[in-house]
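The structure appears right after this line, and notes come after that.
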2 protein chains.
Amino acid sequence: MTGRTQAERSDETTGRLVRAARRLFGARGYAPTSIDAVAAAAGVTKGAAYHHFGGKVALFRAAFVRELEEVSAALVRAAGQEHEPMEALRRGCRTFLEHCLDPGFRQIVLLDAPSVLSWETVRAIEHDHLLRVLHDGLRVAVAGGQAADGDLPVRARLVFGALCEGGMLLARSQDPAADLPRLAAEADRFLEALRR
Amino acid sequence: MTGRTQAERSDETTGRLVRAARRLFGARGYAPTSIDAVAAAAGVTKGAAYHHFGGKVALFRAAFVRELEEVSAALVRAAGQEHEPMEALRRGCRTFLEHCLDPGFRQIVLLDAPSVLSWETVRAIEHDHLLRVLHDGLRVAVAGGQAADGDLPVRARLVFGALCEGGMLLARSQDPAADLPRLAAEADRFLEALRR
DNA sequence: GAAGTTACGTACCGCGAGTATGTACGTCAA
DNA sequence: TTGACGTACATACTCGCGGTACGTAACTTC
């Protein structure tokens with residue numbers, strides 16, 4: 001494993017660490033997962049983890065950011081399929097709910113993140129990914145006259161909160177495929193409330 | 001401190017422990033708060049804590065339950081003031097948002113509980129307090145014809161999720177008194193969606 | 001009032017986060 | 001090319017904290 005540049009070595013190691021962190025933090029949760037375990041799963045030692053990350057929290061944060069990047073990309077992709085603003089919003093919300101079926105995503109993003117990172121931190125990172133998308137969708141709908149005006153950042157947050165609860169609810173279901181439509185129907189009812 | 005019955009001693013000690021747990025867990029968060037610190041704040045030692053509670057999680061759970069008991073009592077009291085079902089719902093939601101101004105409540109109930117206790121546990125306890133109240137309110141409104149029918153347990157959860165996010169948002173505001181009406185206005189918009 | 005139970009306090013163990021230090025590899029100037 | 005320097009780790013250690021074992025004092029029961 002020699003003859004590579006420093007940057008290549010770093011990227012390789014940090015990549016492996018973040019991937020391992022997502023797997024273990026996602027499967028067992030933050031507290032019961034030791035840094036040694038993450039490092040071992042990444043094929044390195046604790047020293048490497050502490051060299052690249054400030055500590056356990058920083059490593060978790062990296063995993064959290066990666067989760068959000070993925071889901072927001074999926075949201076943008078799904079919403080982009082629709083040209084009607086309110087349809088795009090519905091599609092985006094449904095995509096988010098489907099994404100909540102991933103246990104790792106739930107554990108890291110919905111359960112552990114608010115406790116491990118401060119709420120301010122979580123909010124800032126979520127804003128740069130999920131919330132920005134949702135907020136933009138709402139703004140387009142308002143500008144086009146499909147949705148009533150109001151405090152859009154607040155509205156986006158409320159919708160997001162409802163979706164998170166919905167996601168947990170959906171995951172707990174023993175037949176998510178069957179419950180998703182029922183859940184989506186209730187969620188749509190709230191989105192309909194925004195119609196003018 | 002002698003001449004008391006065993007039940008009195010137990011009640012005294014557990015009461016002091018739970019009060020101290022609410023203070024410390026609420027102020028510093030779950031992880032950075034040691035059991036020794038809680039016991040010391042309660043005027044006892046770790047042995048007493050482990051005698052009455054199974055462990056740190058069990059102690060936290062007791063504090064969590066206590067928080068929920070208080071807020072649900074406040075909700076019932078506030079909603080009871082109104083006789084119009086939808087008005088009672090609005091009043092209850094607003095009371096919950098006001099309750100979120102308490103930092104300890106936010107830290108324990110909104111931030112740490114889902115991570116420390118399993119989501120199943122949190123859901124079960126919340127159901128016995130907050131959710132039951134909300135669900136009953138919705139049922140009355142539906143029965144009276146003021147709200148549209150649907151999947152009420154799911155609907156209650158979605159509303160609760162939105163309220164939790166709203167509560168955090170409100171707490172972060174530097175002027176909560178001024179922002180509460182704006183937030184309540186957006187929340188009301190979602191409640192209006194339920195009107196038939 | 002003696003035996004048994006409950007309510008603690010105290011001393012200890014083990015695990016895991018964080019740190020200090022050593023070492024191999026990559027980088028860059030002369 | 002080679003020596004000096006910086007970077008990317010590994011290894012060994014410390015220490016705080018959750019949990020446990022055990023001892024003791026207070027209460028209860030017969």
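Order of the sequence lines sets the chain letters (A, B, ...), proteins ahead of strands, with each chain counted from 1. No experiment lies behind these values; they were computed from the predicted model shown.
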**Message:** Tell me which residues in residues 51-61 of chain B lie within less than 4.0 Å of DNA chain C, going by non-hydrogen atoms.
**Reply:**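 When residues 51-61 of chain B is checked for heavy atoms under 4.0 Å from DNA chain C, the hits, listed by number, are B/His51, B/His52.
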**Message:** Let's see if you get this right: which residues in residues 20-44 of chain A place a heavy atom under 4.0 Å from DNA chain C?
**Reply:**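 Residues of residues 20-44 of chain A that come under 4.0 Å of DNA chain C are, in numerical order, A/Thr33, A/Ser34, A/Ile35.
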Rounded to the nearest Å, what distance is computed from the [atom1] atom of residue [X] to the [atom2] atom of nucleotide [N]?
X: B/Glu12; N: D/dC27; atom1: CD; atom2: C1'; answer: 16 Å
X: A/Arg9; N: D/dG6; atom1: CZ; atom2: P; answer: 17 Å
X: B/Leu17; N: C/dG9; atom1: CG; atom2: P; answer: 9 Å
X: B/Gln6; N: C/dA7; atom1: CD; atom2: C1'; answer: 6 Å
X: A/Tyr50; N: C/dA20; atom1: OH; atom2: P; answer: 13 Å
X: A/Asp11; N: D/dC9; atom1: CG; atom2: P; answer: 10 Å
X: A/Arg4; N: D/dT7; atom1: CZ; atom2: C1'; answer: 14 Å

Any carboxylate oxygen within less than 4.0 angstrom of a Lys/Arg side-chain nitrogen, looking at [X] and [Y]?
X: B/Glu87; Y: B/Arg90; answer: yes
X: A/Glu126; Y: A/Arg123; answer: no
X: B/Arg16; Y: B/Glu12; answer: yes
X: A/Arg22; Y: A/Glu70; answer: yes

**Prompt:** Does a distance-only test, which skips hydrogens and angles, find a donor-acceptor pair under 3.5 Å between the side chain of B/Lys46 and the base of C/dG9?
**Reply:**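 Answer no: no donor N or O sits under 3.5 Å from an acceptor.
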**Asked** How long is the gap from SG on A/Cys93 to CG on A/Asp188, to the nearest 0.5 Å?
**Response**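 It comes to 8.0 Å.
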**Item:** Spatial distance of atom CZ (B/Arg94) from atom CG (B/Leu163) [nearest 0.5 Å]
**Value:**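 The CZ atom of B/Arg94 sits 12.5 Å away from the CG atom of B/Leu163.
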**Request:** Step through the shown structure and confirm whether more than 12 heavy atoms of other residues, nucleotides or ligands are within 6.0 Å of CZ on A/Arg61.
**Result:**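 No, because the 6.0 Å sphere around CZ of A/Arg61 holds 12 heavy atoms or fewer from other groups.
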**Request:** Output all residues satisfying salt bridge (Lys or Arg N to Asp or Glu O under 4.0 Å) with A/Glu82, sequence neighbours left out; order by chain, then residue number.
**Result:**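 A/Glu82 satisfies salt bridge (Lys or Arg N to Asp or Glu O under 4.0 Å) with A/Arg91 only.
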Using a cut-off of less than 4.0 Å, is there contact between a side-chain N or O of [X] and OP1 or OP2 of [N]?
X: A/Ser10; N: D/dT7; result: no
X: B/Thr45; N: C/dT10; result: no
X: B/Thr5; N: D/dT28; result: yes

**Asked** Do the numbers put A/Lys56 on top of the ring of A/Tyr30, so that NZ or CZ is under 6.0 Å from the six-membered ring centre and no more than 45° off the axis?
**Response**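 Yes.
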